[in-house]
There are 2 protein chains.
Amino acid sequence: MNDPSDRAVESQAAHASHHKILEVAEMLFARRGFSGVGVREVAETAGLSKSSLFHHFRNKVELYEAVLARVLARIEDRLSPTLSDDERCRERLDRWIDALIDALAEHPTTARLLLRALFEDDDRPSEPSAAGKDLQATLGRIIEGLTGILAAGVEQGVFRAVSSAHTVQTVIGATVYHFASGDFGAELCGGSLVARDAVRQRKREVKALFHHGLAAVPAGAGAGGAT
Amino acid sequence: MNDPSDRAVESQAAHASHHKILEVAEMLFARRGFSGVGVREVAETAGLSKSSLFHHFRNKVELYEAVLARVLARIEDRLSPTLSDDERCRERLDRWIDALIDALAEHPTTARLLLRALFEDDDRPSEPSAAGKDLQATLGRIIEGLTGILAAGVEQGVFRAVSSAHTVQTVIGATVYHFASGDFGAELCGGSLVARDAVRQRKREVKALFHHGLAAVPAGAGAGGAT
DNA sequence: GTCTATATCACGATAGAC
DNA sequence: GTCTATCGTGATATAGAC
């Protein structure tokens, strides 16, 4: 009973509702955004009453931030193993993209949640809560990883002299936006975006585009600029 | 007085509040989404009472759809001139990207509004209102234009054999997402995304990436795949 | 930890005077 | 076309019994 692992199991069991709530809230917030979801709906979908939920999370924004923190942590766990320096930049970029797309495809709500959070972030400029700071820090680390890969590639001359920041933006657009585009993207691409084949094709298309798009040109060999 | 142009002026004056409401609503909906904005806030920011707003727009969703319709129309006006067939695909793509970025940068609320609309679209699957159908049709035409350019380029062999649909997604990500990323993107890129120089750099970066990324490889000349 | 009951408030929308 | 006043509902959050 005083074994630490018992404590962990106990605590896990005690927080079973906790996890259920987070799961449900993640789905709902991704679908309808922060203000589009009521805590009552979250609670009852998770199988509790509203008041019980307020026992687990002090208020709605705390719940929201907990959801975001879990999602960002999941992504960081996927991404950090790809940051080992002992590889060439092109391969590191490929692995980073693969890992991010895997993370986004595995939990289909993630992409939308992230973009929504990005949008709703600078609505409330006043609230630098501790959890909020933590979220920003995690996000910063994730972005730093990609920026590092790109900057190194440029410095080593294996990538063109692109702006790392702008390329980061484009990578995010190519990955997060794609998996957040929902019905629109599904209709455009002709089927579910998270089906196994669709995910594999997305990886191929994105990696190929950046492969060709970032590759340093051998000098004097512009891509078709033969005017 | 019975001159037709007088009628136009009269009607314009009569609908002055109309335009003001649309302007305010566009800003607020872009910032906080459909459910994050109350009609009271829209009305009072526009300088009227809530009831007066309901005289101009029957209900909240009608107002929302009017905002979206105006935004999409603005974009289509910018984009359709770039669809003339008498140019090579690479130039057509460049002009399309330039026009879209111009539209997004000129009205900074547009990008966010569009992405939000995309997300909130498949929340309510039940409501095929006339205005909603119209929005979808406009969006469809816009996307069709880009798809046409890409497909033609692939068919003519000036682009690699990419998936048009996936490339459309990536272009949207590189443009709409970028200008929707707000404070996050601004911090990443080191300044306002809609400043003149920032817009010009974004155009250059995006066009260069797709220029190199889509260019057909001369056969046997993989982009650095010299393993 | 979970519940019922309640407080308080803002929401979308309408009625009707001017 | 604009307003005040109001209706009905659902929101977040709390109090307190079990």
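Being a predicted model, the structure only gives us computed values, none of them experimental. Throughout, protein chains are lettered first and strands after them, A, B, ... in sequence-line order, and every chain is numbered starting at 1.
Rounded to whole angstrom, the span from the CZ atom of A:F54 across to the P atom of D:dA15 amounts to 13 Å. For B:F57 and D:dG1, the CZ to P distance is 12 Å, given to the nearest whole Å. Going from atom CG of A:L63 over to atom P of D:dA13 covers 10 Å, rounded to whole Å. Atom C1' of nucleotide D:dT9 and atom CZ of B:R40 are separated by 17 Å, given to the nearest angstrom. Per the geometry, CG belonging to A:L28 stands 12 Å off P belonging to D:dT12, to the nearest Å. To the nearest angstrom, C1' of C:dG1 lies 18 Å from NZ of A:K20. The distance between atom NE2 of B:H55 and atom C1' of C:dT14, rounded to the nearest whole Å, is 14 Å. We find that CG of B:L53 is positioned 10 Å from P of C:dG12, with the value rounded to whole Å.
The closest donor-acceptor contact from the side chain of B:K60 to the backbone of B:F34 lies under 3.5 Å. Proximity of a side-chain donor or acceptor of A:S129 to a complementary backbone N or O of A:G132 within less than 3.5 Å is detected. Not a single donor-acceptor pair under 3.5 Å links the side chain of B:R74 to the backbone N or O of B:A103.
In terms of heavy atoms, A:A174 sits closest to A:V206 at O-CG2, 4.0 Å.
Of the candidate nucleotides D:dC3, D:dT12, C:dT2, D:dT12 has the atom lying nearest to any side-chain atom of A:V39.
Between the OH atom in A:Y64 and the CZ atom in A:R116 there is a gap of 8.0 Å [rounded to 0.5 Å].
At C:dT2, one or more side-chain N or O atoms of A:H56 fall inside 4.0 Å of OP1 or OP2 (strictly under the cut-off).
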Collect all protein-nucleotide pairs involving nucleotides 5-7 of chain C in which both atoms are nitrogen or oxygen and the distance is under 3.5 Å.
from, atom 1, to, atom 2, distance (Å)
C:dA5, N6, A:S51, OG, 3.4

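Residues of residues 41-49 of chain A having a heavy atom closer than 4.0 Å to DNA chain D: none are found.
When only modelled atom types and interatomic distance are considered, A:T138 and A:E76 share no side-chain donor-acceptor pair under 3.5 Å. Under 3.5 Å, the side chains of A:T170 and B:R202 contain a donor-acceptor pair of N or O atoms.
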**OP:** Please assess B:K203 against B:D94 for the test salt bridge (Lys or Arg N to Asp or Glu O under 4.0 Å), listing each intermediate value before the final yes or no.
**Re:** CA-CA 9 Å; B:K203 282 187 193 171; B:D94 281 355; over 6 Å; no

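Atom CZ of A:R200 has 12 or fewer neighbouring heavy atoms from other residues, nucleotides or ligands inside a 6.0 Å radius.
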